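Remember, predicted model here, so these are calculated numbers, not experimental data. For the single chain, residues carry numbers from 1 onward in sequence order.
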Amino acid sequence: MAIDLEDLPVLLGEVERFALARIGAAVAHPENPLDGVTLAQLSAEAGDMGLLSLSADPEGYGLWEQPAEKAGMLLSLRMLGQFGAVNAGVAFAWHRIALAAYVARQLRLPLNADAPLAATLVPTGHLGLARTSLARWLTGQPPSDEDSALLADWLNRREHDTVLYAPAAWESVLLPVWDQHTIAWRRVNRSDWQVTNCARAHGFDELAAFRLREPPASAAPIVSVPGDPRALFTRVLKMDMLGLMAIGGGALARAQTMATDYAAVRRQGGKLIAAHAAVQQLLTDIESARLRVDQALGSFGLALDEVDLGAVAASRIDVHKHLCHAANQAVQVHGGIGYMRDLGVEKILRDQNMLRLQAGGIHDARQFVAGWKGASA
């Protein structure tokens, strides 16, 4: 079922109502992280509504079901923004679950619609984005011996830990591997990993953190990509990076509302703090970041294959830097109370920091962008 652009306002209105009424009610007390049972219940409800679809035949309106069409891309990005405005951890979990379902469909792997939290995805290797080697391979250059060695090490799950942030109930993870000079995929069951539970992460309070190591005698089969493996991996990276920006934009929208509302009622020195120049500058920084992410996502509101991965990566470097800065400014508007967990604004800052670290992070992404531009020139 094709999505019509004219239907987006109605669909997004339903998504917003669900996000505010169900997710919002469940996370109303930020100092008490969402428990696994409630997350599973919310995920099941999202599945029943078709927002989190694990169908083998994508014909609905779920996350990342129809990215090949402009309307499908816009719907997924705006949905993630709405979820992120209520809770970035839940939005991130659903984003990666939906990506796993997308890849599984392309690989013709079975999906378990009865267990929405069972499968997730890690789209990258142990550090960064493989410098410039990945960019050269994705742009069609035959991998040199040096590039092959670096990509093999980047995706080596036996010698390097794979860090996973996911619902505690996850059962399998889908991830790329370097095989025969190309990227293939593996779906590895939890029981087949050496799994180390980590201390609670800096953000994403709703999720758990794990370090995974593939044992030497792993039985998980390698699944080759039907068609062009470069095209699939390029699409996955684009969707992941854009999704992270959309979630961050939604979270910042919530932080901006909190900061603006607080500045409009808090008095200091005999007047509202919104009248103080320092607070006005903080609010201006937040608004500037909002405009950056809105403009960036607006420029990528195209069918997936029309979006340039190098441009997405470059935009993400800029956007996430400003998202984190603006979230910090929202904390500062609240003064000392901004650091209290029961308010919730400091959680938005922590979640922004976690979003910045995903998909290879933004620091080493500069090498990827340089490699992409050099190979495309």
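Proximity of the aromatic rings of F210 and W170 is defined here by a centroid distance below 6.0 angstrom, and this criterion is met.
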Go through it in stages, so that I can follow the logic: the residues are Q332 and Y339, the test is side chain to side chain donor-acceptor pair (under 3.5 Å), and I'd like the CA-CA distance, side-chain angles, deciding distance and then a yes or no. CA-CA 9 Å; Q332 299 305 317; Y339 294 93; 2.8 Å; yes

Take V15 and L11 through the side-chain contact (heavy atoms from CB on, under 4.5 Å) test and state the conclusion after the steps. CA-CA 6 Å; V15 174; L11 293 171; 5.5 Å; no

Run the side chain to side chain donor-acceptor pair (under 3.5 Å) test on T162 and R157 for me, step by step, so that the C-alpha distance in whole Å, both residues' side-chain angles and the decisive distance to 0.1 Å come before the verdict. CA-CA 6 Å; T162 295; R157 314 292 177 175; 3.1 Å; yes

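One finds the CZ atom of R235 at 6.5 Å from the CG atom of L304 (value rounded to the nearest 0.5 Å). A distance of 9.5 Å separates CD1 of I348 from CG of N87, quoted to the nearest 0.5 Å. Here the CG atom belonging to L121 is positioned 5.5 Å from the CG atom belonging to L174, to the nearest 0.5 angstrom. For the atom pair L297 CG and L77 CG, the distance stands at 6.0 Å (nearest 0.5 Å).
For W154 against G128, the heavy-atom pair with the smallest separation is NE1-O, 3.1 Å.
At a threshold of 4.5 Å between non-hydrogen side-chain atoms, the residues M241 and H320 do not count as touching. When side chains are defined from C-beta on, W178 counts as touching I183, because their heavy atoms get closer than 4.5 Å. Residues F18 and E14 are not in side-chain contact: their nearest non-hydrogen atoms beyond the backbone lie 4.5 Å or more apart.
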Side-chain donor-acceptor pairs of residues 354-367 under 3.5 Å, sequence neighbours excluded:
from: Q358; atom 1: NE2; to: M354; atom 2: O; distance (Å): 2.9
from: R366; atom 1: NH1; to: I362; atom 2: O; distance (Å): 3.3

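Of the possible donor and acceptor atoms, one in the side chain of D35 sits under 3.5 Å from a partner among the backbone N and O of V37.
Ring geometry, F92 versus F204: the interplanar angle falls under 30°, so the pair is classed parallel (tilted spans 30 to 60°).
Checked by atom type, the side-chain pair T139/W372 shows no donor-acceptor distance below 3.5 Å.
Heavy atoms of other residues, nucleotides or ligands lying less than 6.0 angstrom from CD of E69 number 12 at most. By the 6.0 Å contact criterion, CZ on R158 is enclosed, its count of non-hydrogen atoms from other residues, nucleotides or ligands being greater than 12.
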